[in-house]
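Structure first, then comments.
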Amino acid sequence: MIDLIDTFNRVHRDLRVSLTDRCSLRCTYCMPNDFNSWLPKEELLTTKELITVIDIATRHGINQIRLTGGEPLLRPDIVSIVAQITELEFPPELSLTTNGLGLAKLAQPLFEAGLQRVNVSLDTLNRKRFHEMTFRDRFEDVIDGLQAARLAGLSPIKINAVLMQGVNETEAVELLTWALAEEYDLRFIEQMPLDAGGKWDRATMVSSERIFADLSSQYSLTAVPVRGSSPAEEFFVNGGPHKVGIIASVSKPFCGACDRLRLTSDGQLRSCLFSQEEMDLRKVLRDTSRTHEEISAEISSRFIKTVRGKLAGHGINDLSFVQPHRPMSAIGG
Ligand code: SAM
Ligand code: SF4
C-alpha cells in the first residue's frame with residue numbers, strides 16, 4: 001500500500017488513537033467540571049473495528065501509534081487492545097498518553113502486553129493545586145502511577161505539563177528540578193484553544209518564551225540540533241545528557257514537519273487537531289452491504305483522501321481561526 005503523503009510532501013507516520021472521550025479528571029484547560037456531553041457507547045469504535053483501522057494504517061506506513069483520549073486507561077479492554085496492536089503484521093511503536101491515575105494497577109500488564117512508552121500529564125507538584133486544577137484530589141495516585149510505570153520497565157517516561165497564568169505559571173523550574181531528579185523527560189505544552197468551555201485566551205497563555213526564560217534563570221539550556229517531526233523543541237539541561245522540551249504549538253507552530261493523523265473514539269479520521277473536517281470511518285466499518293475486502297479498500301482510500309486534504313497549517317494565528325467543535329478530550333491529544 002502507498003505511503004500517506006500530503007500535497008506538501010509530508011509523509012505521515014504517526015497516528016493518535018483516542019480510545020474514549022471520558023475522563024477521570026477535569027483539567028480546567030481541557031474539560032469543564034460539569035461536562036457531560038459524552039459520546040453514546042454504541043458510537044465508540046469497538047475493539048475489533050479499532051484494530052481493523054490500525055492494521056490498515058500500518059500497511060500505509062504508519063509506524064507510531066499513540067493511544068490517548070479522554071483517559072485511555074478507562075477503556076476496560078486497554079490491555080487487550082495493546083496486545084492486539086503488537087500482534088499486527090506490521091507492529092508499530094506503541095505509546096500511550098495518560099493522566100496516570102490507572103497506572104498503579106495497569107503499568108505492569110500494559111508493559112507485558114507490549115506497551116513501550118508512556119507520557120503522563122502532570123501540571124503541578126502541589127497537591128492542593130492539583131485538586132484545584134483537575135477538580136479531583138488524586139495527586140498521590142499520579143505519583144504512585146509514575147512509580148509503577150518505572151518499576152514495570154516503561155521507558156522513557158515523559159511528563160506533559162501545561163502552565164496557566166495565575167494558577168501554576170511559577171512552577172516551571174520546580175517541575176524541571178523534580179523531573180531531573182526522578183529521571184523523567186519533561187515537556188511543557190503551550191495551552192491551545194481546545195477547551196470544551198471555549199475560554200482560551202491568547203493574552204493569558206503562558207508562552208514558550210516565558211517558559212524558556214523561567215527555566216534559564218536556574219538552568220543553562222542549549223538547543224538539541226535535530227528535531228525531525230517531534231512537536232517539542234528540545235534543550236539539553238546544563239550541557240546534557242538530560243533534556244527538557246517545549247511544545248510551542250501556538251507561538252511557534254511546527255506544522256511544516258507534521259506527520260500526525262488522529263482517530264477519534266467514534267471513528268472519525270482527522271488530519272489535524274484543529275481540522276474543521278472529519279472523515280467518517282465508522283460508517284464504512286459498519287456498512288453491512290460491503291464485503292470485508294470492500295470495507296478495507298474504502299478505509300484505505302479514506303486515509304489517502306484525508307491526508308491529501310490536509311492543510312499547510314493549523315491556522316491558530318489567522319484572524320479567520322475557528323476553534324474545532326470538539327474539545328481536546330474528544331479529539332484525542
Ligand atoms: N487524559 C490523558 C492525559 O491527560 O494525558 C490523555 C488525553 S489529554 C487530552 C492529552 C494531553 O493533552 C495532555 O497532556 C493534556 O495536558 C493536553 N491538553 C489537553 N487540553 C489541552 C489544551 N487546551 N492545550 C494544551 N494541551 C492540552
Ligand atoms: Fe482528562 Fe487528559 Fe483532559 Fe485532563 S487533559 S481532563 S486528564 S483528557
Side-chain angles (χ1 to χ4, degrees), residues 16-39 65-75 78 95-103 106 117-124 130-136 138-139 141-142 145-146 149 154 157-165 167-169 171 175 184-202 204-208 211 231-232 245-251 253-254 260 262-265 270 272-274 314 316 323-324 326-333:
R16 310 277 161 117
V17 178
S18 173
L19 299 181
T20 174
D21 59 332
R22 289 174 185 254
C23 193
S24 38
L25 296 180
R26 295 289 180 276
C27 305
T28 43
Y29 50 76
C30 182
M31 220 190 262
N33 188 25
D34 57 357
F35 189 72
N36 61 3
S37 311
W38 311 117
L39 291 164
I65 300 279
R66 172 173 297 281
L67 302 175
T68 180
E71 176 44 45
L73 299 187
L74 291 182
R75 181 102 179 192
I78 177 72
S95 56
L96 177 138
T97 303
T98 171
N99 61 27
L101 295 190
L103 278 179
L106 286 165
R117 301 192 305 261
V118 274
N119 284 21
V120 178
S121 304
L122 182 63
D123 307 316
T124 177
F130 182 94
H131 191 170
E132 282 160 12
M133 287 186 78
T134 64
F135 289 95
R136 303 288 186 271
R138 306 287 304 271
F139 175 74
D141 295 322
V142 183
L146 280 165
L154 291 162
I157 297 174
K158 293 189 180 174
I159 305 287
N160 291 352
V162 176
L163 297 180
M164 295 175 77
Q165 204 178 78
V167 183
N168 60 341
E169 66 180 318
E171 280 200 65
L175 279 162
Y184 300 137
D185 288 356
L186 175 66
R187 297 126 44 97
F188 292 96
I189 310 177
E190 276 182 348
Q191 189 184 349
M192 295 180 276
L194 282 166
D195 54 314
K199 294 206 181 93
W200 181 84
D201 179 358
R202 178 186 306 272
T204 59
M205 181 192 79
V206 180
S207 68
S208 63
I211 297 166
I246 305 182
I247 303 183
S249 322
V250 180
S251 64
F254 37 84
R260 287 172 286 284
R262 292 172 196 268
L263 180 68
T264 66
S265 53
R270 302 172 66 95
C272 175
L273 265 178
F274 298 95
H314 57 41
I316 297 180
Q323 185 167 334
R326 298 191 198 232
M328 180 79 136
S329 56
I331 297 170

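Start at 1 and go down the list; that is how both ligands and their atoms are numbered. As a basis for the values below, the full set of heavy atoms in this structure was taken, side chains included, without hydrogen atoms, waters or symmetry mates.
- Formation of a donor-acceptor pair under 3.5 Å by the Asp185 side chain with backbone atoms of Asn119 is not found in this model.
- Side-chain atoms of Glu169 do not come within 3.5 Å of backbone N or O of Val206 as any donor-acceptor pair.
- Arg270 and Thr264 are not linked by any side-chain donor-acceptor pair at a separation below 3.5 angstrom, with hydrogens and angles left out of the test.
- Both the backbone and the side chain of Thr97 come within 4.0 Å of ligand 1, judged by heavy-atom distances.
- Short contacts between ligand 1 and Asn160, defined as distances under 4.0 Å to a heavy atom of the residue, involve ligand atoms 14 (O).
- The shortest heavy-atom contact between Thr124 and Met133 is CG2-SD, 4.2 Å.
- Residue-ligand proximity: Gly70 is placed with a non-hydrogen atom under 4.0 Å from ligand 2.
- Looking at ligand 1, you won't find any N or O of Pro72 less than 3.5 Å from one of its N or O atoms.
- Asn33 places no side-chain N or O within 3.5 Å of a backbone atom of Phe135 that could act as its donor or acceptor partner.
- For Arg138, the side chain to side chain donor-acceptor pair (under 3.5 Å) partners are Asp141, not counting sequence neighbours.
- Residue contacts to atom 4 (Fe) of ligand 2: Cys27 brings an N, O or S atom closer than 2.8 Å.
- Per-residue contacts place Thr68 under 4.0 angstrom from the following atoms of ligand 1 (heavy atoms of the residue considered): 6 (C), 7 (C).
- Checked by distance only, ligand 1 and Gln191 stay at 3.5 Å or farther apart across all their nitrogen or oxygen atoms.
- In terms of polar-atom proximity, defined here as any N/O pair under 3.5 Å, Asp123 makes no such contact with ligand 1.
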Mind running side-chain hydrogen bond (donor to acceptor under 3.5 Å, both in side chains) on Asn99 and Ser24 for me, showing each step along the way? CA-CA 8 Å; Asn99 61 27; Ser24 38; 3.1 Å; yes
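- The ligand atoms of ligand 1 that sit less than 4.0 angstrom from a heavy atom of Asn99 are 2 (C), 3 (C), 5 (O).
- Residue-ligand proximity, Glu71 to ligand 1, at heavy-atom distances under 4.0 Å covers atoms 1 (N), 2 (C).
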Apply side-chain hydrogen bond (donor to acceptor under 3.5 Å, both in side chains) to residues Ser207 and Glu190 and explain how you reach the verdict. CA-CA 6 Å; Ser207 68; Glu190 276 182 348; 5.2 Å; no
Can you check side-chain contact (heavy atoms from CB on, under 4.5 Å) on Cys27 and Thr134, steps first, answer last? CA-CA 4 Å; Cys27 305; Thr134 64; 4.1 Å; yes
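- Of all the listed residues (Met192, Glu190, Met31), Met192 holds the heavy atom that lies closest to atom 23 (N) of ligand 1.
- Here Leu25 has no heavy atoms under 4.0 Å from ligand 1, in either its backbone or its side chain.
- Interface atoms of ligand 1 facing Gly69, defined by a heavy-atom separation under 4.0 Å, are 7 (C), 9 (C).
- If you number the atoms of ligand 2 from 1 as listed, the ones under 4.0 Å from a heavy atom of Cys23 come out as 1 (Fe), 6 (S), 7 (S), 8 (S).
- Atoms of ligand 1 lying under 4.0 Å from any heavy atom of Val162, numbered from 1 in the order shown and given with element: 16 (O), 26 (N).
- For the pair Val162 and Asn168, the tightest heavy-atom approach, listed with the atom from each and the gap, is O-ND2, 3.0 Å.
- Counting heavy atoms only, Gly70 comes closest to atom 1 (N) of ligand 1 of the residues Gly100, Gly70, Ser121.
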